[in-house]
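Only one structure is covered here, and it is reproduced in the block below.
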Amino acid sequence: MEPTRIAVAGASGLIGTALVRSLTADGHEVVRLVRRAPRAQDEVRWDPERQYVDAAGLAGCTAVVNLAGAGVGDHRWTDAYKRTIRDSRVLGTATLAEAAAALDEPPRVLLNGSAIGFYGETGDRAVDESAPPGDGFLPSLCVQWEEAAAPAREAGVRTVFARTGLVVASGGGAWGRLFPLFKAGLGGRLGDGRQYWSFIALHDEVAALRHLLETEGLSGPFNLTAPEPVTNREVTAAMGRVLRRPTVFAVPAPVLRTVLGEFSGDVLGSQRVLPSRLLESGFDFAFPKIEQAIRAALD
C-alpha cells in the first residue's frame, strides 16, 4: 500500500495507539481525531456526542478508521453509562459516515470498530460472521453501531466492520488488568472457567486491521479473533505457565455479579467466535495460540 493520508478516531486507545504507530512507521500520514482543540498539525477536532467533525480535516484521506468508544468494562453498567457506551459508538460512527459521504472525494474505505459482543452468549457453539446477532445490551449495541455506518456505504465507500475479541496486551484492555494479578500470584479462573474467550494478540489485531484497510474488495463484518478460542480455565493455565505463578485463586460467580453488576454476564458468558472471513481473505495469524499471544504481550 502506497503511503496515504488516513484519519483515525480513537487513536489514543490501546488498539489505536498501536495502529497509528504501525501506519506512521510505514510512511502513512495519520490524522488523529481529538475531542479538544487541536494542538498539532496532525490533529482534527471532532465531537461525536454532538455529531460534529471538522470535515475539512478529512479532505484528502483515502481511509477513515473509527476505533472510538467509551470503555465497556470501565464502569458499572448504570442506565446512564450504558447510554454513554451506546452514544459514543453509534453517534460517532454516524458522524464519520455522514462526513465521509459528504466529501467531494470520499475516502475509499471506512474501517469501523465493532465487537464480538454482536453474537451474545454462544456457549460451546462456534459461530462466525454468518451468525445472527444475539440477545441483550451488547448485541443490540453492535447492531446499531454497524447500522450507523450506512451513509458511507450508500455513498459507495467500502465499509468494513472489525468485530474484535479480547485483545491480549499488557498495556490495557482486559488482559492489562489480568497480568498484574497473575504476576502477583493472585490470578485464577472466573466463575466455573468453562466459558470460551475469543482472544487475539495485539500484534495480530493491528495486522488484521491493516489487512482489511489494504485489501480491495473486502467489506462487511470480519471477526478479529484467533482461530482457536479457549476456555477461561485454559487461559488461566496458560497464564500460570508463562508467568510461572500459581493459579489457585478463583473468583466465584456471585462475587463477580456483586462487583461488576450487569457486566458480569459478559465476563462469565461464553463466546466461541471463529474468524472465518478473515482466514478466507488470506490473513495469516502470527500468534494463533493463547500461550503464543500471552508471550508476545510480554515481549
Side-chain angles (χ1 to χ4, degrees), residues 1-11 13-32 61-69 93 96-97 100 106-119 127-131 142 145-146 149 152-153 156-169 173 175 198-229 273-290 292-293 296-297 299:
M1 182 178 181
E2 291 295 321
T4 58
R5 179 178 168 90
I6 300 172
V8 179
L14 173 67
I15 300 171
T17 298
L19 177 63
V20 169
R21 186 184 305 120
S22 174
L23 290 170
T24 53
D26 284 346
H28 296 286
E29 178 188 357
V30 175
V31 176
R32 295 176 295 128
C61 289
T62 60
V64 174
V65 181
N66 179 23
L67 303 173
T93 297
L96 293 178
R108 292 199 294 266
V109 57
L110 169 63
L111 176 54
N112 207 76
S114 187
I116 61 170
F118 178 94
Y119 305 104
V127 298
D128 64 10
E129 294 88 352
S130 65
C142 290
W145 192 0
E146 295 182 10
R153 185 175 62 251
V157 177
R158 180 168 68 88
T159 304
V160 189
F161 303 106
R163 292 178 181 168
T164 296
L166 293 168
V167 178
V168 185
W175 249 273
S198 296
F199 69 92
I200 185 169
L202 180 59
H203 175 281
D204 283 333
E205 171 77 9
V206 172
L209 292 173
R210 294 286 304 266
H211 175 75
L212 296 175
L213 273 176
E214 297 165 12
T215 308
E216 293 296 334
L218 299 183
S219 63
F222 288 81
N223 294 333
L224 270 57
T225 58
E228 297 181 24
V273 180
L274 305 179
S276 296
R277 295 194 69 211
L278 192 60
L279 291 172
E280 290 166 2
S281 72
F283 181 76
D284 290 320
F285 285 85
F287 306 103
K289 307 284 189 181
I290 184 59
Q292 294 173 332
D299 287 344

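Note that the numbering runs from 1 along the sequence shown for the chain.
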| message | Using 0.5 Å steps for rounding, measure from the OG1 atom of T225 to the CD atom of E205. | response | 10.0 Å

| query | Judged by modelled atom types alone, do T62 and T4 share a side-chain donor-acceptor pair under 3.5 Å? | reply | yes

| task | Could you grab the distance from atom OG of S22 to atom CG of L19, nearest 0.5 Å is fine? | result | 6.5 Å

| remark: All heavy atoms of S114 vs all of E146, minimum pair found to be OG-OE2, 2.7 Å

| request: Looking only at non-hydrogen atoms, find the nearest pair between A226 and F285 and report the distance. | output: CA-CE2, 3.8 Å

| How far does CG of L96 sit from CG of N112, to the nearest 0.5 angstrom? | 7.5 Å

| W145 CH2 to F118 CZ distance, which is reported to the nearest 0.5 Å | 12.0 Å

| For the residue pair P221 and R163, what are the closest heavy atoms and their distance? | CB-CZ, 3.3 Å

| task | Find the distance between CZ (R210) and CD1 (I6) and round it off to the nearest 0.5 Å. | result | 7.0 Å

| said: With a 3.5 Å distance limit and no angle check, can you tell me whether R277 reaches the backbone of S219 through a side-chain donor-acceptor pair? | reply: yes

| For L212 against L224, the heavy-atom pair lying closest together | CD1-CD1, 3.9 Å

| query | What are the two closest non-hydrogen atoms of F222 and L278, and how far apart are they? | reply | CD2-N, 3.7 Å

| message | Using only atom types and a distance under 3.5 Å, with no angle test, would you say the side chain of T159 pairs donor to acceptor with the backbone of V157? | response | yes

| message | Rounded to the nearest 0.5 Å, what separates atom CG in N223 from atom OH in Y119? | response | 3.5 Å

| said: Determine whether a donor-acceptor pair (N or O, by modelled atom type, separation under 3.5 Å) exists between the side chain of R158 and the backbone of L111. | reply: no

| Can you find a pair of side-chain heavy atoms, one from P288 and one from E228, that are under 4.5 Å apart? | no

| request: Could you check if a side-chain atom of P229 sits within less than 4.5 angstrom of a side-chain atom of L274, using non-hydrogen atoms only? | output: yes

| query | Below 4.5 Å, heavy atoms only, C-beta onward: do T164 and L67 meet side chain to side chain? | reply | no

| query | Are the side chain of T17 and the backbone of L14 linked by a donor-acceptor contact shorter than 3.5 Å? | reply | no

| Taking all atoms of both residues into account, what is the closest heavy-atom pair of L110 and A149, and its distance? | CD2-CB, 4.1 Å

| request: Describe, in one word, how the ring planes of F283 and H211 are oriented to each other, choosing from parallel (under 30°), tilted (30 to 60°) and perpendicular (over 60°). | output: tilted

